[in-house]
Amino acid sequence: MAKGITTRAEDYSRWYLDVIQAADLAEHSSVKGCMVIKPNGYALWENIQGQLDKMFKETGHVNAYFPMLIPESFLKKEAEHVEGFAPECAVVTQGGGKRLEEALVIRPTSETIIWSTYKKWIQSYRDLPILINQWANVVRWEMRTRLFLRTTEFLWQEGHTAHASNEEAQRETMQMIDVYRRFAEEYLAAPVYVGYKTEREKFAGAVRTYCIEAMMQDRKALQAGTSHHLGQNFAKAFDVTFQDENGKLDYVWATSWGVSTRLIGALIMVHSDDNGLVIPPRLAPIEVVVIPIWKNDAEIEGMRRRIAELTEAWKGRLRFKVDDRDQFRPGYKFNEWEKRGVPIRIEIGPRELENNQVVLVRRDTGEKMLLPQDGLLDKIKELLEQIQSDLFNKAKSFRDANTMPEDDYEQFKKKIEEPGGFFRVHWCGSAECENQFQETSKATIRLIPIDGEKEQGRCLVCGKPSEQRVLVAKSY
RNA sequence: CGGGGCGUAGCGCAGUCCGGUUAGCGCGCCUGCUUUGGGAGCAGGAAGUCCAGAGUUCAAAUCUCUGCGCCCCGACCA
């Protein structure tokens, strides 16, 4: 087993932290709950950003930037919003050595500062829609933090759109949750369930919150992205109105949607193993590492030359690295790149050089193969796609095998503890029964499926009629 | 906020109970030589306000008091 990594079976939570350390992704800073994202971790974020940003632009959005400091009074304008966020806000009360007239909140999310601005931008239906995204940091003073999953300060993107009609805002909300689903499945290789939150779990200030939920290897759920239909709540709070084609005045309709560096936590917990990180190829900063093996100085020169020839055609078509550091032996390098999750490793030694071959090793399965150097690039390309889909399918099989219907409350309470998983249960829709789930099992209703089949049943808790199953699980 | 743990070299720790030479070990780091197909070996070397403040004492990493910080487990949450 890998040195320094606790196994998943031994202690899942320590394993998670060990993987982050072994892959050199991040470390705690000197301020409680804050982290330094190191180059290896940040490279993952950059790839996540790059792809998402592309998808946002393809759906008509543009980027902008709003400030981090928000007048405290802004936050208080939307009743539900302030109730939800006030307890976890960091507040600046001094500046320039003087006490401020009005305290400034460090944004926990930007709805208020953005809608106070949109008020100035919107008069007519011709000013709509506004489709803006911003990449930013936010601060939420959480009681309990975990690297990537929940840090005091975190990086994210938040989309904030303004529309002339409820229907259009609804379409936008659905479009973006689908963008998140596609990103999670096609890039993160993490299958997700799509649905909407209960009243209790929804975003403070939203009419409805849609979400994607992924299953981690310990069978717990992780909310991986949310898209909120905000109705006219913020427009009313900030008095943002527009005139329609008929000259009639109405409040603007809004959405907001976001994903954060938490996605890196999801990537780790969905795919990695007891040897360290496993990165899905499409998000891998380095897709292929080439490790030359030599016995003496005479050999290394020929080796370098041959590798340069071989990789010449890879430039611009493959993210690769040649690790010809002399201070480490091959075994050390194999291990290091495994811990760091690089999808494919290629070894070239005197034997391969002579036979015009390479040894190729898959990170996800450990499978070793001897391949001809001719046509290697195409073979690598093909394998990367194979690994990408294998990772997805593996995660999906695991999730599906651990998602089950349950109609017996006593059984449910047992199973949620051991072995755990996602449970599809009937629920009457009452807050009382929802609270019961949490109090007796520490599980929550993760989502109400969007396309859930209608099915007559009885609420798991109270036995009243229910028309649809909801997804219940313990979560991060 | 409750429970647990910790603060000594870059990292991980021992030493603290029972005060006493120059504060030690492993990893890492630097130099040299030998090595290089799954975490190399030998030799030499550099590196410390022992979390902070106050107190007790001839003498404090060690005892007393006060403070600060971090991590892990729960309640709040992306």
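Hydrogens, waters and symmetry mates play no part in the numbers below; they use all other heavy atoms, side chains included. None of the values given here were measured: they were computed from a predicted structure. So you know, we letter chains A, B, ... as the sequences are listed, proteins then strands, and number each from 1.
When both distances must be under 3.5 Å, the Watson-Crick or G-U wobble mate of G74(B) is C1(B). Nucleotide U35(B): unpaired (no Watson-Crick or G-U wobble partner with both distances less than 3.5 Å). Base pairing of G44(B): its partner is C30(B), meeting the Watson-Crick or G-U wobble criterion (both donor-acceptor distances under 3.5 Å). Taking a pair to require two hydrogen-bonding distances under 3.5 Å in either a Watson-Crick or a G-U wobble arrangement, G53(B) pairs with C65(B).
Using a cutoff of 4.0 Å between basic side-chain nitrogens and carboxylate oxygens, Arg306(A) and Glu352(A) are not scored as salt-bridged. For Arg351(A) and Glu354(A), the salt-bridge test fails: no basic side-chain N is under 4.0 Å from an acidic carboxylate O. Salt-bridge formation is not detected for the pair Asp218(A)/Lys474(A): no Lys NZ or Arg NE/NH1/NH2 atom is positioned less than 4.0 Å from an Asp or Glu carboxylate oxygen. For Lys38(A) and Glu27(A), the salt-bridge test passes: some basic side-chain N is under 4.0 Å from an acidic carboxylate O. Remark: Glu158(A) does not engage Arg107(A) in a salt bridge, criterion side-chain N to carboxylate O under 4.0 Å. Here Arg304(A) pairs with Asp324(A) in a salt bridge; the nearest charged N to carboxylate O distance falls below 4.0 Å. Ion pairing between Lys202(A) and Glu199(A) holds under the 4.0 Å rule for side-chain N and carboxylate O. Look at Arg8(A) and Glu10(A) and you find no salt bridge, because none of the NZ, NE, NH1 or NH2 atoms lies under 4.0 Å from a carboxylate O.
Aromatic stacking of Phe154(A) on A78(B): satisfied, with centres closer than 5.5 Å and planes within an angle under 30 degrees.
Sorted by residue number, the members of residues 356-376 of chain A with any non-hydrogen atom under 4.0 Å from RNA chain B read Val359(A), Lys368(A).
Among the atoms of the strands shown, none is found under 4.0 Å from any heavy atom of Asn296(A). Residue-level contact check: Arg325(A) touches neither bases nor backbone, having no heavy atom under 4.0 Å from any strand. At a threshold of 4.0 angstrom between heavy atoms, the contacts of Gly258(A) with the nucleic acid are absent. When heavy atoms are screened at a 4.0 angstrom cut-off, Pro87(A) is found touching no nucleic acid atom at all. Among the heavy atoms of the strands, none lies under 4.0 Å from Thr109(A). Across all strands shown, Gln223(A) has heavy atoms under 4.0 Å from sugar-phosphate atoms exclusively, and none from any base. Across all strands shown, Leu149(A) has heavy atoms under 4.0 Å from base atoms, whether or not it also approaches the sugar-phosphate. Among the atoms of the strands shown, only primed sugar atoms or phosphate atoms (P, OP1, OP2) are found under 4.0 Å from some heavy atom of Lys442(A). Thr209(A) comes within 4.0 angstrom of nothing in the nucleic acid, heavy atoms only.
With hydrogens and angles ignored, no donor-acceptor pair closer than 3.5 Å exists between the side chain of Arg329(A) and the base of G41(B). One donor-acceptor pair, N or O on each side, does fall under 3.5 Å between the base of G37(B) and the side chain of Glu352(A). In this model, a side-chain donor or acceptor of Glu338(A) finds a partner on the base of G38(B) within 3.5 Å.
With both ends at atom P, the span from G20(B) to U62(B) equals 11 Å, rounded to whole Å. Taking the C1' atom of each, G48(B) and U8(B) are spaced 8 Å apart, rounded to whole Å. Rounded to whole Å, the C1' atom of A47(B) lies 32 Å from the corresponding atom of G55(B). One C1' atom belongs to C25(B), the other to G38(B), and the distance between them is 27 Å to the nearest Å. G10(B) and G5(B) have their P atoms separated by 27 Å, given to the nearest Å. Rounded to whole Å, the separation between the C1' atoms of C42(B) and G37(B) comes to 23 Å. With P as the reference atom, U36(B) and C70(B) are 49 Å apart, rounded to whole Å. Nucleotides G19(B) and C63(B) place their P atoms 9 Å apart, quoted to the nearest Å.
Taking atom CD1 on Ile293(A) and atom P on G38(B), their separation rounds to 8 Å, with Å as the unit. Rounded to an integer number of Å, the gap from Glu88(A) CD to A78(B) C1' is 9 Å. Remark: P of G38(B) and CZ of Arg345(A) are 10 Å apart, rounded to the nearest angstrom. The CZ atom of Phe334(A) sits 14 Å away from the C1' atom of A40(B) (whole-angstrom rounding). The CD1 atom of Ile291(A) sits 11 Å away from the P atom of G38(B) (whole-angstrom rounding). Rounding to whole angstrom units, CH2 of residue Trp337(A) and P of G39(B) are separated by 18 Å. Rounded to whole angstrom, the span from the CE atom of Met143(A) across to the P atom of G74(B) amounts to 15 Å. C72(B) atom C1' lies 10 Å from atom CZ of Arg14(A), rounded to whole Å.
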Pairs under 3.5 angstrom, nitrogen or oxygen only, protein versus nucleotides 68-70 of chain B, please.
unit_1 : atom_1 : unit_2   : atom_2 : d
C70(B) : OP1    : Lys32(A) : N      : 2.5

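Ring-centre distance between His229(A) and Trp257(A): not below the 6.0 Å cut-off. Between Phe203(A) and His81(A), the gap from one ring centroid to the other is short of 6.0 Å. Aromatic pair Trp141(A)/Phe85(A): centroids not less than 6.0 angstrom apart.
Taking the six-membered ring where the residue is Trp, Trp115(A) and Tyr118(A) present perpendicular rings, their angle passing 60° and hence far from 30°. Using the six-membered ring where Trp is involved, Phe422(A) and Tyr193(A) have ring planes that are tilted, between 30° and 60° apart.
Looking at which nucleotide of RNA chain B each of Glu201(A) and Arg351(A) is closest to, the 5′-most match is held by Arg351(A). Checking Ala224(A) against Lys295(A), the closest nucleotide of RNA chain B that is more toward the 5' end is the one next to Lys295(A).
Relative to the side chain of Arg146(A), the nucleotides G39(B), G37(B), G74(B) differ in distance, and G74(B) lies closest. With G39(B), U35(B), G37(B) as the choices, the nucleotide that has an atom nearest any side-chain atom of Pro330(A) turns out to be G37(B).
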